[in-house]
Amino acid sequence: MPINPVYLEKEMQEQIRKVLEKEKVALLFDFLEEGTYLEIVQMLHTLPFTHEKEPLTHSFSRAVLPPTSQNKTIFSPLHPSWNELLAFLSGVLNKKIKTISFIPYSFTWKDYALLHDEILEKPGIDIIFDATPHWDTAWGGAITYSNADVPGTVHRLPTGKNQLAIVIRATSAEQRFVQYLNHYAEGKKKIFLLGKV
Amino acid sequence: MNFLNDPQLQRWLNQNYLNPKLLSKYASQCHRNRPFPHLVLPNFLKEEFADDLLLALPEEKFELKQADLFQFKQTADLVSTEIPLLKEFHTLLSSSAFITLISFLSSSVLKLDKINLSASLYEDSDHLLCHDDVLEGRKVAFFYYLSNLELEDGGALSLFSTSRAKPDKVDCKILPKFNTFAFFVVSRRSFHQVEEMLTNKQRYALSGWFHAN
């Protein structure tokens with residue numbers, strides 16, 4: 001069972017639902033079983049990422065998840081445990097999730113993703129799986145949520161290995177950015193999977 | 001160029017910048033500079049003023065500014081500073097003689113009674129990512145540098161060339177040098193950034209905008 005059994009318990013899912021209702025953000029630590037997590041990290045670190053840069057909006061690398069025969073990730077629709085993941089998300093979000101596509105992102109020194117009027121995202125739910133084994137917040141790169149209706153308020157997701165973050169963006173004023181990665185991140189990679197509902 | 005006889009300009013500025021022939025040369029240089037009109041004026045003030053400004057700056061309160069686009073420390077607008085020398089510097093920059101000088105050098109029509117001026121401090125890993133500075137009224141962005149940086153320190157002001165109205169590549173780097181005044185004309189293609197500071201040097205500058213009529 002790739003998902004940590006603790007998160008499959010009904011009581012736990014009820015707790016997560018309550019946290020999401022109240023806080024709009026839930027962080028699930030040790031989300032996958034250790035072996036599954038390590039397999040995903042290994043697979044992500046061998047993916048051919050392509051670097052993209054548009055100075056006004058972003059600088060990062062993206063990849064496409066390979067077919068399931070070449071990877072063992074639960075985040076791929078052909079994986080035997082895909083339905084388990086969808087059932088889990090449907091349970092904690094209290095709505096039927098039929099499908100979701102995850103995109104792997106890799107950030108290193110000088111990378112960032114800015115807020116920009118031309119690329120505003122519609123309200124929705126972000127599902128972010130952090131596959132970075134070790135990260136120091138002083139290196140930058142925090143996935144951060146801001147609310148244009150409440151200037152000055154930001155919510156930074158902590159970076160943590162094997163962590164699933166569920167973030168509800170209730171209005172189009174709530175947007176996501178990735179803080180600039182400074183020179184202390186040289187030679188290091190922050191890798192995560194982002195899916196949107 | 002009657003404005004050059006202004007007592008404040010005479011008192012503060014290096015004599016080179018009171019010479020009409022040299023100023024005409026600079027004005028034409030500004031227009032020719034790529035990727036968009038800008039100018040770098042070294043040894044701008046009489047040295048004793050530059051030294052004293054650097055000594056005065058740390059007395060001002062700097063606050064950390066952090067958003068998706070930037071991370072650095074900045075003071076409030078110095079229009080309300082209590083520090084006498086910074087107050088005098090604000091008075092100089094907001095004087096009609098000084099604004100007329102910048103207006104001449106930048107070939108821009110500027111409002112004679114409005115400037116924004118604050119001090120900034122960039123330290124290790126501080127940065128300001130690519131943007132164009134366009135905001136209602138802003139016409140000329142200026143920087144008066146009070147630090148000496150080398151390329152390996154980071155902190156350069158990088159100007160971007162444009163392709164299809166978007167920033168393309170860094171075309172020109174202005175390295176902060178003590179007592180240097182630099183400015184560029186703000187437009188839809190004045191894309192620029194402050195490179196990340198890579199060492200523990202301090203990058204002090206007084207900067208702001210002159211406005212259009």
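Order of the sequence lines sets the chain letters (A, B, ...), proteins ahead of strands, with each chain counted from 1.
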Part of [X] within contact of chain A (heavy atom distance under 4.5 Å):
| X | result |
| --- | --- |
| B/Leu129 | side chain |
| B/Phe191 | side chain |
| B/Asp132 | neither |

Point to revise | B/Asp68 (side chain) donor-acceptor with A/Leu115 (main chain) under 3.5 angstrom | key: yes
Give, for atom [atom1] of [X] and atom [atom2] of [Y], the distance between the pair rounded to the nearest 0.5 Å.
| X | Y | atom1 | atom2 | answer |
| --- | --- | --- | --- | --- |
| B/His127 | A/His183 | NE2 | NE2 | 11.5 Å |
| A/Asn182 | B/Asp126 | CG | CG | 9.5 Å |
| B/Leu69 | A/Gln179 | CG | CD | 12.5 Å |

Check your understanding: Does the side chain of A/Tyr180 come under 3.5 Å of the side chain of B/Gln71 through a donor N or O and an acceptor N or O?
Key -> no
Review point. Of the backbone (N, CA, C, O) and the side chain (C-beta and beyond), which part of A/Trp109 lies under 4.5 Å from a heavy atom of chain B, both, or neither?
Key: side chain
Exercise for review: Pick one of side chain, backbone, both or neither for A/Arg156, based on which atoms fall under 4.5 Å of a heavy atom in chain B.
Suggested key: side chain
Other residues, nucleotides, ligands: >12 heavy atoms within 6.0 Å of [X] [atom1]:
| X | atom1 | value |
| --- | --- | --- |
| B/Glu47 | CD | no |
| B/Lys46 | NZ | yes |
| A/Asp149 | CG | yes |
| B/Gln29 | CD | yes |
| B/Glu82 | CD | no |
| B/His31 | NE2 | no |

**Study point:** Pick from B/Lys166, B/Gln193, B/His131, B/Met197 with the largest number of heavy-atom pairs that fall under 4.5 Å of chain A
**Key:** B/Lys166
**Study point:** Minimal non-hydrogen separation, A/Leu181 against B/Glu196, with atom names
**Key:** O-OE1, 4.5 Å
